[in-house]
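To keep things clear, I will list the structure first and then write my remarks on it.
To find a chain, count down the sequence lines: A is the first, B the second, and so on, and within it residues start at 1.
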Amino acid sequence: MTSLAPKYYRTVREVRGPLLIVEKTKEVGYGEIVRVLDPKGGERSGSVIETGEGYAIVQVFEGTSEIDADKTAVTFLGDTLKIPVSQDIVGRVLNGRGEFIDGESPVVPDDYLDVNGLPINPTAREYPKDFMQTGISAIDGMNTLSQGQKLPLFTGSGLPHNQLAMQIARQAKVPGKEEEFVVVFGAMGISYEDYKFFVNNFEKTGALSRSVLIVNLADDPVAERIFAPRLAMTYAEYLAFTLEIHVLVILTDMLSYAEGLREISAAREEMPGRRGFPGYLYTDLASIYERCGRILGKRGSVTLIPIVTMPNDDITHPVVDLTGYITEGQIFLDRNLHNKGIYPPINVLPSLSRLMTEATRYTREDHRDLSNQLYAAYARAQEVRNLALIIGEEALEESERRYLDFGNAFERRFVNQGFEENRDLSYTLDLGWKLLAEYVPEEDLTRIPRKIIERYHPRYRHKGAVKSEEAP
Amino acid sequence: MEGKITRVAGPVVMAKGLSGSKMYEMVRVGEDKLIGEIVRLVEDRAEIQVYEDTGGLRPGEPVETTGSLLYVELGPGLIGQIYDGIQRPLTLIRDEYGDFIMRGVVAEPLLKRSWSFKPKVKPGDKIVGGDIIGEIQETELVIHKVLVPPGIKGTVKSVEPEGDYTADDTIVTVETSSGEVKLTLKQKWPVRIPRPYKKRLDPTDPLITGTRILDFLFPIAKGGTAAVPGGFGTGKTVLQHQLAKWSDASIVVYVGCGERGNEMTDVLRSFPELKDPRTGKPLMERTILIANTSNMPVAAREASIYTGITLAEYYRDMGYDVALMADSTSRWAEALREVSGRLGEIPGEEGYPPYLADRLAEFYERAGRVICLGSEDRIGSVTVVGAVSPPGGDFSEPVTQSTLRIVRVFWALDKSLAEQRHFPAISWLTSYSLYSGVLEDWFRKNVAPDWGALRTEVGSILQRESELSELVKLIGADALPERDRLTLYIGRLLREDFLMQNAFHDVDTYSPPTRTYKIAKTIVDLHRAMSSALSRGASLSEITSPEIRKILSQLRYMPEEEFENALAELRDIMKKLFGEVSS
């Protein structure tokens, strides 16, 4: 920050959407922070998104309502946007500008960091391979999440993604390192009711004590929506790579974020790309998503679950599509499963964790083969279901009917679990074995090596070794 | 010369006071001396794309011209390195500046070390651009040939004796018509200008990839071009990695252009441990990586594929077969679009600049098999395989379409195959290779005389199978005649036991052409045998042998000796079942 008295410009020429065009400026830096005094004396902040000789374009975080061209004063603070960070942000609730909104006093900063971050040198990255447990069978068992992975949740309106996000935020842990774990939760453009749901749940369950909540409501300024995920990632990087804590970042909803970006792009009269989103949407999303990962020699990690609503369940929507290109897999929520009353309605067939091969090497030796077998059996069940639609269930052969039953049981008992139910990995895997033992003939278990079957199949296990399904 | 910044908008900066500067000249922007390149000139004003984050730049800051175009340094020590889009060595940058890439960092691309140099010329020799003046063992796999830079012609005046030299030491002094020229181990070359060669040749040899569907059905030639379009999750990157690992090029340049950081980490982590199947040496000893991940500055992403192909051409000029993988050209095109948009250019289709197709063509045209410069007529080649990431998996978008007009091989990745976990998810119905004709000779001579005929037969079975599958969806398999059900059965064997290949299995990951041939041959022979048995009045259920299927399905996973034994066993069973198999 400059030590000279700030110079105020009263030369706003144009106000357009969230943007101000200020004239007669001298040597304003690109990305510099701006303070705006509105006609009522209120203070707002913003940043420079274009600068030239004698003009600057400023994006105002709080929006431009009531800003006029005569009385509004603008000053440039000489530095790019930096935010204070400290370990004490854990347990706090902030708005999209980084101000505390939980009524408590601000924290004493340890450092100031640029919200845009810097790219991690690819040679400094460590390949994500260590398991992170979510307590959700369909994720842990079938689409294992690694520390440092980015795994989005693709969902549709009306599906219980908020519940699932909340449940993951509450349950996620690195087994054995529970005390070194923080959840950074960034909510962009959510409704007040959703906000209440999250805050109440975080408070009620005590999860808040190990979390940071960043909240941008649907009626908050759109510029803050652009800022919020960067804020979340900056805190996450600080916690993970300076304080060496494991961090899980959940960002919801990236569709609202991208729509905010589109709004600002349109105000700048930029050339629109697909569905009006700016041409740099891919790069912009990557500049958020790619900040997660692991760094060689550091204990902490940043893991990311962005939640993306598919408008009209359309997977080719640009935000969904581009997210899929950047992230390492996807978890799919399925409307049909939801309608059947399955929670969480995760359809494991189109879901995928690209880093799973690596992650399952370090969990339990049967994990990889078992999940392949469950996947294959469930895929077979779907085929039989389609067949039954044509020829009728009665015409199915006995072997086919068994798969039909397996499919139903897999959904009802394996995928389906309570909102409060936190399953550890060995419980999830044992449950998988139990379903296979009940419905799938042993000779069909072609994806699992013999020695693994003999070690884990309930038939060969000592009585009592397999926990009963009703156990917590 | 020094100009002044007049405007900053994202990666594009405008400056004035730069009269006399050239298009594509490299400039240093601002107090931090960020690297940039002039992309438009109007009188004394220039628009500059900056290869680093422009945050904090302000009007009035200086812009220095350098007088040279954006160039790369070529010399020993390129192999095994990982560079960013403008050839900054990332390992060195990490050692010096830490885990994150700061702005304005500078680092020499070539290692500060000495190399053991063996001269190949003596005083009095006449030399021209492209001649070899000496050799260096760069890695265990690569002998680096020190070349006379293009354009130089003269008589050798002095040569340093065999010994250890750094890249900057003068090795040879040449007397030319315009005076004395000192040659060192390194040279510079502007990335946007193709390196010259003597003559372009037609491709004759295949680039063996070890991926069965590619080598057998859609082969690519050394010096050829291929595009791999596919939506997310269809396995573009795994396929590109497979090519980088197993293709029989002497040098591999892998350009990670706007993709994931963890993927580059995966390459960095696995390549030093993987062994080249032909030489047994670590793959990293023949590989150069260019990494400009999606969160690194967008303008440097635009430059990265030119940096990559210039390095490839340099090794081609030594007489090597070089393969370049670019993952993904769509991200490159997006960078082009972003910079174009900031320049306020009139957009073409989907916001891409109207010159998109030209730029793509210019890039792919730098591939080829050539007679290199120099007096000894060495032959070298650059093969280019570009991944394309069409939005929504829709191949009608401009980058895919512009690419398909240029490249000779099209490996189409199919989402529905990927969803069935059929990998590599290359569609055998929509892919093509325009080289399969010219390469047939090579396969006939080097693998098997009936390679071409077998290929045609496999292609037609698969085609027929897909037609029949459509029919089955309507009327059910039971309604088909036995002969058609046999085609369905054989088609399934081809798909599951031949076309499918597990990139993560130690043996199956690389299938040499002879093995590829033998598996295909066995399935086709089985088809013939079963077919004639049907003609003799047998029923399909009588002649379908689960035992044959069981061995066939394991073939691709078997190490060499076991494979041959199993093949012999299969022949025996078939003989017992069907009598002598005619082929």
Could you check which of B/Glu419, B/Glu61, B/Glu259, B/Met264 has the highest count of heavy-atom pairs closer than 4.5 Å to chain A? B/Glu259

Is it the case that B/Arg342 places NZ or CZ above or below the six-membered ring of A/Tyr280, under 6.0 angstrom from the centre and within 45 degrees of the axis? yes

Looking only at side-chain N and O atoms, does A/Tyr375 offer a donor or acceptor that is under 3.5 Å from a partner on B/Arg421? yes

I want to check something: taking the side chain as every heavy atom from C-beta on, are B/Tyr97 and A/Asn121 in contact at a cut-off of under 4.5 Å? no

Under 4.5 Å between any side-chain heavy atoms of A/Thr283 and B/Glu338, yes or no? yes

Nearest 0.5 Å, what's the CD1-CG distance between A/Ile295 and B/Asp99? 4.5 Å

Rounded to the nearest 0.5 Å, what separates atom CG in B/Asn295 from atom SG in A/Cys292? 10.0 Å

Between A/Arg354 and chain B, with a heavy-atom cut-off of 4.5 Å, which part of the residue counts as in contact: side chain, backbone, both or neither? side chain

At a 4.5 Å cut-off on heavy atoms, which part of A/Tyr289 comes close to chain B: side chain, backbone, both, or neither? neither

When A/Lys26, A/His317, A/Glu32 are compared by non-hydrogen pairs under 4.5 Å with chain B, the top option: A/Glu32

Quick one: do B/Lys4 and A/Glu27 make a salt bridge, cutoff under 4.0 Å? no

So, the part of B/Arg269 with a heavy atom under 4.5 Å from chain A: the answer is side chain

Checked B/Arg331, B/Met102, B/Lys236 vs chain A; the most non-hydrogen pairs under 4.5 Å come from B/Arg331

Between B/Val298 and chain A, with a heavy-atom cut-off of 4.5 Å, which part of the residue counts as in contact: side chain, backbone, both or neither? side chain

Between A/Leu322 and B/Ser294, is any pair of side-chain heavy atoms under 4.5 Å apart? no

Quick one: CD on B/Glu334 to CG on A/Leu281, what's the gap to the nearest 0.5 Å? 9.0 Å

For the candidates A/Gly324, A/Ala286, A/Ser287, which exhibits the highest count of non-hydrogen atom pairs separated by less than 4.5 Å from chain B? A/Gly324

Please check if atom CG in B/Asp506 has more than 12 non-hydrogen atoms from other residues, nucleotides or ligands closer than 6.0 Å. no

If you count every heavy atom of other residues, nucleotides or ligands that lies below 6.0 Å from A/Arg447 atom CZ, does the total exceed 12? no

Segment of A/Gln149 engaging chain B (4.5 angstrom heavy-atom cut-off): neither

Nearest heavy-atom approach of B/Arg94 to A/Ala124 is NE-CB, 3.3 Å

In terms of heavy-atom pairs under 4.5 Å with chain A, which of B/Asp394, B/Asp266, B/Ile82, B/Leu268 leads? B/Asp266

Best-contacting candidate, A/Thr357, A/Thr316, A/Ile120, against chain B by heavy atom pairs under 4.5 angstrom: A/Ile120

Axial cation check for A/Tyr30 ring with B/Arg58, 6.0 Å and 45° limits: no

Best-contacting candidate, A/Val28, A/Thr123, A/Leu352, A/Asn116, against chain B by heavy atom pairs under 4.5 angstrom: A/Thr123

Could you look at A/Val48 and say if it's the side chain, the backbone, both or neither that has a heavy atom under 4.5 Å from chain B? neither

Within a radius of less than 6.0 Å around CG of A/Leu389, do more than 12 heavy atoms belonging to other residues, nucleotides or ligands occur? yes

Would you mind telling me which of B/Lys16, B/Glu263, B/Glu397 has the largest number of heavy-atom pairs within less than 4.5 Å of chain A? B/Lys16

Could you tell me which portion of A/Leu349 (side chain, backbone, both or neither) has an atom closer than 4.5 angstrom to a non-hydrogen atom of chain B? backbone

Given the options B/Ser330, B/Pro391, B/Ser389, A/Tyr325 meets side-chain contact (heavy atoms from CB on, under 4.5 Å) only with B/Ser389

For A/Tyr55 and B/Arg7, test the side chains for any donor-to-acceptor distance below 3.5 angstrom and give the result as yes or no. yes

Under 4.5 Å, counting heavy-atom pairs only, tell me which of B/Asp84, B/Leu57, B/Ile5, B/Asn262 racks up the most with chain A. B/Asn262

Top of A/Gly31, A/Gly279, A/Ser47 for chain B proximity - count of heavy-atom pairs under 4.5 angstrom: A/Gly279

Side chain from CB out, backbone as N, CA, C, O: work out which of these in A/Arg274 comes under 4.5 Å of a heavy atom of chain B, or both, or neither. side chain

Quick check: do B/Phe232 and A/Asp321 have side-chain heavy atoms less than 4.5 Å from each other? yes

Check: B/Arg260/A/Thr327 side-chain N/O donor and acceptor closer than 3.5 Å: no

For A/Gln382, which atoms come within 4.5 Å of any heavy atom of chain B: side chain, backbone, both, or neither? neither

Turns out that what part of B/Pro11 lies under 4.5 Å from chain A's heavy atoms comes down to neither

From the list B/Gly344, B/Ala418, B/Pro59, B/Pro347, the residue making the most non-hydrogen contacts under 4.5 Å with chain A is B/Pro59

Do you know which two heavy atoms are closest between B/Thr293 and A/Pro122, and how far apart they sit? CG2-CG, 4.1 Å

Contact origin within B/Thr54 toward chain A - heavy atom pairs under 4.5 Å: both

Less than 4.5 Å to any heavy atom of chain B: does that hold for the side chain of A/Ser351, its backbone, both, or neither? backbone

